[in-house]
Amino acid sequence: RLEPGSPAVRLSEVGAIAEAIIDRLPPGRSLPPELLRYLPKEGLLHERTLFFHKKIILDNIQISDEFIEENVFGLGDETDVVVAEYLLASGEPPTKLMVVKYPTKEEARKAREDYVRLRESWGESPKGPLDSILCLKDSGGRYNTVFSKGRYLVACFLASDCLLVEDYT
């Protein structure tokens, strides 16, 4: 057992931990998460793609200039989430795309509504019909989009061009 501040870990201890983990893995190859198949390929930075379930992971990904305290996307054990980064325009920082699969379409719709309500509380106004892709411009002049259909929510964050990012949403 390792305690904080304990002396250096011996290589034999690391090997024992690795063997214990390997022994618990199922045999054969595992399939990549289904959501990864939905990501557009053009501009995708493969090495900057994450699959997760809970909000604590999203808290460590910059999707706005403001920290999002509440769990507006309703992330938890029953959600599947992928966040990927894309280079959409030369010389621009990467745009982030998030796809969430919910257990029910009601949860996806509620997450969309809660996210839009949060952005409105920051003084942003959604552009677009309520049943389609909504585009919000943040105080830094970047665009964020959100859309839900069935059990899925798709959002783009921190884009330099609303029309360009709508193609990814």
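On a predicted model such as this, the values are computed, not experimentally measured, just so you know.
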Say whether F67 and L158 are linked into one hydrophobic cluster, either directly or through other cluster members, by side-chain heavy-atom distances under 4.5 angstrom. no
Is there side-chain contact between F52 and I61, with heavy atoms separated by less than 4.5 Å? yes
Heavy atoms, side chains only, cut-off 4.5 Å: are F73 and L153 in contact? yes
Suppose we screen for side chain to side chain donor-acceptor pair (under 3.5 Å). Which residues come up paired with Y152, at least two apart in sequence or across chains? none
With side-chain contact (heavy atoms from CB on, under 4.5 Å) as the test, would you mind laying out the steps for R37 and L39 before giving the verdict? CA-CA 6 Å; R37 293 190 313 227; L39 295 176; over 6 Å; no
Quick check: do L44 and T49 have side-chain heavy atoms less than 4.5 Å from each other? yes
Taking only residues two or more places apart in sequence, or in another chain, which ones meet E124 in a side chain to side chain contact (heavy atoms under 4.5 Å, CB included)? R119, W122, L136, D138
Distance in Å, E19 CD paired with I17 CD1, rounded so as to fall on 0.5 Å steps: 11.0 Å
Would a distance-only check, ignoring hydrogens and angles, find a side-chain to backbone donor-acceptor pair under 3.5 Å from K55 to E69? yes
Quick check: do E47 and L45 have side-chain heavy atoms less than 4.5 Å from each other? yes
With no hydrogens and no angle check, is any side-chain donor or acceptor of Y86 less than 3.5 Å from a backbone partner on P40? yes
Taken to the nearest 0.5 Å, the spacing of L58 CG from K96 NZ works out to 10.5 Å
Nearest heavy-atom contact between P103 and R151 is O-NE, 3.4 Å
Rounded distance [0.5 Å steps], OG in S132 versus NZ in K127: 13.5 Å
Could you measure the distance from the OG atom of S64 to the OH atom of Y115? Nearest 0.5 Å is fine. 7.0 Å
Closest approach of V116 to V146 (non-hydrogen atoms, all atoms of both residues): CG2-CG1, 3.8 Å
Residue pair A108 / G150: nearest heavy atoms and the distance that separates them: CB-O, 3.5 Å
At their closest point, which heavy atom of A155 faces which heavy atom of F157, and how far apart are they? CB-CZ, 3.6 Å
List the residues meeting side chain to side chain contact (heavy atoms under 4.5 Å, CB included) with E70, not counting sequence neighbours, and say none if there are none. V72, L118
Under 3.5 Å, which donor-acceptor pairs link side chains of residues 77-85 to any protein atom two or more places apart or in another chain?
residue	atom	partner	partner atom	Å
D77	OD1	K54	NZ	3.1
T79	OG1	H53	O	2.9
T79	OG1	G76	N	2.9
T79	OG1	G76	O	2.8
D80	OD1	H53	ND1	3.2
E85	OE1	R48	NE	3.4
E85	OE1	R48	NH2	3.2
E85	OE2	R48	NH2	3.2

Mind checking what makes ring pair (Phe, Tyr, Trp, His ring centres under 6.0 Å) contact with Y102, not counting sequence neighbours? none
Among all residues two or more places apart in sequence or in another chain, which pass the side chain to side chain donor-acceptor pair (under 3.5 Å) test with T104? E107
Does K110 come within less than 4.0 Å of E106, counting only side-chain N to carboxylate O? no
All heavy atoms of N144 vs all of R142, minimum pair found to be ND2-O, 3.9 Å
If you round to the nearest 0.5 Å, how far is CZ of R109 from OG of S148? 8.0 Å
Could you measure the distance from the CG atom of L134 to the CD atom of E113? Nearest 0.5 Å is fine. 10.5 Å
